[in-house]
Every structure is written in C-alpha cells, then in structure tokens.
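Below is one structure, written out as structure tokens; comments come after it.
Chain A is the first sequence line, chain B the second, and so forth, proteins listed ahead of strands; every chain is numbered from 1. These figures come from a predicted structure and were not determined experimentally.
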Amino acid sequence: MSRPVFGTGLAKGLAVTLRTMTRRSVTAHYPDAQPELPPRSRGVIGLFEENCTVCMLCARECPDWCIYIDSHKETVPPAAPGGRERSRNVLDRFAIDFALCMYCGICIEVCPFDALFWSPEFEYAETDIHELTHERDRLREWMWTVPEPPALDEAAEEPKELAAARKTADKLTAQAQAQAEGPAEAPAEGQSPSQAPSQGQSQAAQSHDPAQTEPREGEA
Amino acid sequence: MDALDVTARIAAVLLAFLILPLLVGQTEHKVMAHMQGRVGPMYAGGFHGWAQLVADGVKFAQKEDIVPAGADRRVFQLAPAVALIPYMLVLVAIPVAPDGGVVHAIDAGIFFVLAVMGVGVLGSLMGGWASANKFSLLGGLRTAAQLMAYELPMLLSAASVAMAAGTLSLPGILGVWEWWWLPWQLIGAVVFFTAGLAELQRPPFDAPVADSEIIFGAYTEYTGLRFALFLLAEYAGIVVLSALTSVLFLGGWHGPFAGSVGWVWTLLKTGVLAFGVIWLRVSYPRLREDQVQRLAWTTLVPLALLQIALTGVVKVVM
C-alpha cells in the first residue's frame, strides 16, 4: 500500500462538511410540520364499541393489565313468540390506561371481533397522569382517526374474502350463461359456443371444492 | 482631528465591535448546523432564528454572577475584561479603506496589533489561575503553553510581511501591496492564520477549553455576563484575526474599484476567512495537547523561518 499524499484526509474532511452544507438538512420540523408516519404506526388504540362483546380477552391478555372493562348482563326477550329468552353482555366501562400501556398491540391482535384498532395519533400527552386513562368515549373518538388499511403489495396474494367472493360471482355468471345458452344452442356458430360452456363448466367444477362454502358462511 | 471626529471614529469602532462578532457567532450557529445536516436556531426573532444571540445575551444577563469562595476575587472578576478589550483596541489600528480609512493609523501597527492580541490571551490565563479550580488551572496552563508556542510563528510570519513592505505600519503595508504578494507570502499566510486560530483556542486547537476532558478549561467557574464576555472575546478574536490576515496577506482593500468600495473588499475578505474559521471547526477533531505543541515547534516555526528566508531572498534579488 502506498502512503497517501499528505493533506488528502484534511481536504476530504473539508469536502464532506461543505457538501453536507449544500444539501437539505434532515431536521424534522415537528411542531411546525407533522411527521410522515409509516403505515401501521402505533399511536393510540381506538375502540369500536359496537363490535365489542365483552369477551374480556383483551383485558386478560394485556401484559400490563392496563385495560379496564365493566359490564352487566341483560336479558333480551325472545325474537319469535314462544322462543327462549337470550342474555347479552352490555359494556359499562372500557378504559385503557396509556400510562401503563406498552403499545405491544396484543389486545388488538387478540380481539376476535375487530373492536380494537391502532390509530397513528400520538399527541395526547397530559400534565396529570390520571388523564392518560382514556375512557370509552375518548377511545371511540380515536376510532375515527383509524386509517384505512394500507394497500397490499403488487405481487401479494389476493385477500381470501375477495378470492371467495370472486369465485362465487364467477360461478353464478357461469350458471346464468349456461342456462341462457343451453336451450338456444345453434349449430351455425360452430366453435365459440362449445367453448364457452366448457369454460363455464370447468369454472363451476373448480368452485365445487371446499372453498365454495366460505362465501356462504359470510353471507349467513 | 477635532472632538467630533474622534467621537465618530470611536463610535464606529464600538459599533463594529458590537455587531461583527455577533454576526460571526450567528453565522457559526447556522453554518455549523447546516454542515452537520441540521438547521440550527429557528425561533428567536421569527425568521430563521436571526436573534438567537440577542436572546442568549438576555439569558446571560439574567443569570447570577457567581464568584467561587476560594477564588482570587479581583483577578477573577477582571479576567473577562482583559480578554475582551484588547480585541477592541486592535480594531482601532486595522485599516478598512484606502486614504485614511483607519480609525487611528499607528506607525508600528504590526507591533501594536500583535502585542495587544497577546494581551487578550492573558484573560484566560488570569481566569484559569484565579478560579481556584483544578480544571480551570489546567486550562489556563494549556492556554499559556499554547500562547508561548504560537506567538513565535505568528510574529515571524508577520515579520515577513513587514520585511516585504519595508514598513511596520498597516496602511503602509497595504500601500505597497501588489497582487503577486499572494503567492509570495502564501506560506506566511497559512502559518499566520493557523497560529492565530491556535491563539484564539478555536477548534481544532481548543485543547485549553476541551469541554470533554477539562470541563471548560479556564472558563469553568464563570457564569452569566462574565462568561458571555469570554464568549464574545472569542468571536471578536475571530473578527480581528480574519481582518488582520486579510490586511497582511490578502491585500485588504485591494480589488476592483478599490477607491470607492475598498471597505467592501476588506469586509468580504474578512468574512470569507471567518467562514473558514467556522468551517475548520466543524471539519476537524481536536488536537491532543502534545500534538498542539508539536505542530507549533516542528512545523509552523520552520515554515515561518522558511518564509522569512524566501522573503529576504526575493527582496535582495529584486
């Protein structure tokens, strides 16, 4: 290795600082400009009350025990005459103490009824720690700040719900086509009609696999 | 020279002394920030933090003025003034524009300027000794060692210019200055500027204040206005050093249309050099104490002597 010429290091140092000066600074001007948060940012937890069944899974799984839930049971009269009375859980209190919360998101993961959501809002600092316990009205306010889920990757697999819905739709159109063309099968149009039903049939055959039951469940 | 004229000149010096160091300080805030990818002060004064140093001054003025119990009271309190005032006196002798564009032309200008600048460093020495604090003492002694080491190459390189011009007067030097003095006195200019940086204890020669090893050197025990005066002395020192370098080595007011806008040239050259001072601070790490000494004695002094020899040879041959 040859010895570097004296002064190249010094010149390089000066060049680096001068180049940095001509570039835009990386400072985030936060209070003046809002930060651009990445998708799925964990700011605060919103509660969609209507979906909550008071199953208490979130409160039990919470590592910090920062979720408080009170509820009572109400009896609902039978839907049809002569039927049996049903009992239903009614939410009295749902509170999250964000002074304890460690933003692990387990409550949101564990909720079987999609009642809890991440919101990217983060400006809820308080001067009194008690104010950090957000009651259900405040949690509902956060709900309106929950963004739409980010779009999937270009190459991502189609969501199951969409795939199932598409299959059903394809099957129905294929059936309708088959019914419409079945009686009026004319020999004049040699190839194309014979192809179309076969396509429809193959699609219908495909949709006879177990996945077919999925949309039915969704509809029910 | 009547009383009015004298008053006007003194007012001009005072104004320059109050404004230019603050300008350099604010420039340092902003330039250093942008060189580090930051934006620096943004709020004070509204527009890009232009009033940051004013705000700092207000803050310093509000602080309690503390003198440590064990300190040598009088010396401790006097030190900031000793550090600051010499730089103001130097400004008096620096020519800004041709034909009497100097507050007071002194025949032995170089002597006066260099001697008085040396006095300024004594302020840190006094503060370091009087603080009754071991870190202050360390800083003070480092200051003294640095002053000893760098005063010599500074004087030698200034002497080279005086030899070339055949006069010790600063306006006189500028009177006979020619453009080819730039390459001729280049080594001297580098030596003078570097030695001046070291005397001001600016990074990379800030071992005497090295905040990560000896707290803040001689200024450790200072607070409030006295501390602010020390800081102001540092920036006044930058102004004086840059102005002096531009007068001695860069031709001061010389430039196109020097007759009418000579003072602009002086200010411009001073400003560019002050930017260089800031730039060096951002770019280079601090020299260790032994490196500081070695640079002075094994590099700068020989270079200054070489410059004097070169000046002498050219002077005799021509």
### Query
Can you tell which of A:V16, A:L14, A:V26 has the highest number of heavy-atom pairs within less than 4.5 Å of chain B?
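Of the options given, most contacts go to A:L14.
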
Give every donor-acceptor pair between chain B and chain A closer than 3.5 Å, one pair per line, or write none.
from: B:G37; atom 1: O; to: A:V26; atom 2: N; distance (Å): 2.9
from: B:V39; atom 1: N; to: A:T27; atom 2: OG1; distance (Å): 3.4
from: B:Y43; atom 1: OH; to: A:D32; atom 2: OD2; distance (Å): 2.8
from: B:W279; atom 1: NE1; to: A:L14; atom 2: O; distance (Å): 3.1
from: B:W279; atom 1: NE1; to: A:T17; atom 2: OG1; distance (Å): 2.9
from: B:S283; atom 1: OG; to: A:T17; atom 2: OG1; distance (Å): 2.7
from: B:Y284; atom 1: OH; to: A:L10; atom 2: O; distance (Å): 2.7

### Message
Looking at B:W180, I want to see if its CH2 is surrounded by more than 12 non-hydrogen atoms of other residues, nucleotides or ligands under 6.0 Å.
### Response
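Yes, CH2 of B:W180 has more than 12 neighbouring heavy atoms, counting only those of other groups under 6.0 Å.
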
### Message
Using a 6.0 Å cut-off, check whether atom CD1 of A:I129 has over 12 heavy atoms from anything other than its own residue.
### Response
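Counting other residues, nucleotides and ligands, CD1 of A:I129 stays at 12 neighbours or fewer.
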
### Query
Which answer fits B:M42, side chain, backbone, both or neither, if we ask what part of it has an atom under 4.5 Å from a heavy atom of chain A?
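When you check distances to chain A, only side chain atoms of B:M42 fall under 4.5 Å.
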
Return all side-chain donor-acceptor pairs below 3.5 angstrom for residues 149-156 of chain B, not counting sequence neighbours, or 'none' if the list is empty.
from: B:Y150; atom 1: OH; to: B:V292; atom 2: O; distance (Å): 2.7

